[in-house]
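First up is the structure itself, then whatever we jot down about it.
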Amino acid sequence: MRIRTDDEVYRVDAVWLGPPKATFPWRARYVAWLIGIPAFFVVLGVERWAGWSFGFFSTAWAFVATIVITRLLTAKISHERPLGTVVAMAGRELNTPRVRTTGTGGAVSASRVRVRVERPLPKHRRRRQYQHHGGSPPGVAVQGTPRARRSRGNSARAGR
């Protein structure tokens, strides 16, 4: 069983077929006229700005470009999404804050990076070197005196 919806009521387009007794051979919605006429003047202005002279072929190409632009824009417009909503959505999309991909810090300096003269050795070779030569590794200055060890006499073991 098929259930009919009321979508047909909303699919009716407000169209202008032309003046009485001289209708156009095509159907165009009012919104298409509202978008197409200013788009035609914008395309003509872009053609003049690009240096094209005014003539039959430049105007014909402007007309073709206007039809393509109008078809693309009116494809996004329907009774559920009117022209005002599409324009507002485009404005919000263009003005919305974006995630910044560039850094916000200042100049970077390597003045605090310590550089040794000798190349560091792997851990297993460092241990052997310290044991054989005694003392600190080469290139490292020892500051102060080593800490004294606490003696573990009977008093330390008495608390256990």
Side-chain angles (χ1 to χ4, degrees), residues 5-7 10-11 13-14 28-160:
T5 63
D6 60 348
D7 289 343
Y10 294 108
R11 285 190 186 141
D13 290 331
R29 296 186 294 170
Y30 288 119
V31 173
W33 290 103
L34 183 68
I35 292 173
I37 292 172
F40 181 68
F41 289 120
V42 168
V43 170
L44 283 176
V46 169
E47 282 183 353
R48 298 307 162 271
W49 178 75
W52 291 7
S53 62
F54 185 74
F56 174 77
F57 289 108
S58 66
T59 307
W61 280 113
F63 189 67
V64 169
T66 300
I67 291 172
V68 169
I69 291 169
T70 305
R71 297 278 301 214
L72 288 172
L73 292 176
T74 55
K76 304 290 182 192
I77 298 169
S78 67
H79 68 277
E80 293 177 352
R81 191 185 312 173
L83 177 63
T85 305
V86 172
V87 171
M89 181 176 56
R92 288 187 189 110
E93 185 67 30
L94 292 174
N95 293 328
T96 188
R98 305 281 186 220
V99 175
R100 294 192 177 171
T101 57
T102 59
T104 58
V108 177
S109 172
S111 64
R112 294 191 175 223
V113 177
R114 285 180 272 171
V115 180
R116 294 183 182 183
V117 178
E118 294 88 17
R119 185 173 158 207
L121 297 172
K123 285 185 180 181
H124 67 279
R125 294 184 78 189
R126 269 189 261 165
R127 273 189 247 128
R128 286 187 207 145
Q129 185 180 12
Y130 299 154
Q131 290 171 356
H132 295 300
H133 299 340
S136 61
V140 176
V142 177
Q143 296 177 350
T145 58
R147 298 174 87 186
R149 291 187 175 174
R150 190 182 332 168
S151 63
R152 292 187 167 186
N154 292 336
S155 63
R157 292 184 186 164
R160 289 186 183 171

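Along the sequence shown, residues carry numbers from 1.
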Where [X] and [Y] come nearest, the two heavy atoms and their spacing:
X   : Y   : answer
I69 : A39 : CG2-CB, 4.4 Å
V86 : K76 : CG2-O, 3.8 Å
V43 : A65 : CG1-CB, 4.1 Å
F54 : R48 : CD1-NH2, 2.5 Å
S58 : S53 : OG-O, 3.0 Å

- Message: Whether the side chain of T70 engages the backbone of T66 through a donor-acceptor N/O pair (distance < 3.5 Å, no angle test) should be reported.
- Response: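 At least one qualifying donor-acceptor pair exists.
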- Can you check whether T59 reaches F40 side chain to side chain, under 4.5 Å on heavy atoms?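 A side-chain contact exists here, since the closest heavy-atom pair is under 4.5 Å.
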Out of curiosity, [X] [atom1] to [Y] [atom2], how far, rounded to the nearest 0.5 Å?
X   : Y   : atom1 : atom2 : answer
W52 : L44 : CH2   : CG    : 10.5 Å
L34 : L73 : CG    : CG    : 11.0 Å
I35 : L83 : CD1   : CG    : 5.0 Å

- Task: Sequence neighbours left out, what passes side-chain contact (heavy atoms from CB on, under 4.5 Å) with R100? Give chain and number order.
- Result: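 Once residues adjacent in sequence are excluded, R100 has no partner under the side-chain contact (heavy atoms from CB on, under 4.5 Å) criterion.
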- Do other residues, nucleotides or ligands put more than 12 heavy atoms under 6.0 Å from the CZ atom of R98?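 Counting other residues, nucleotides and ligands, CZ of R98 exceeds 12 neighbours.
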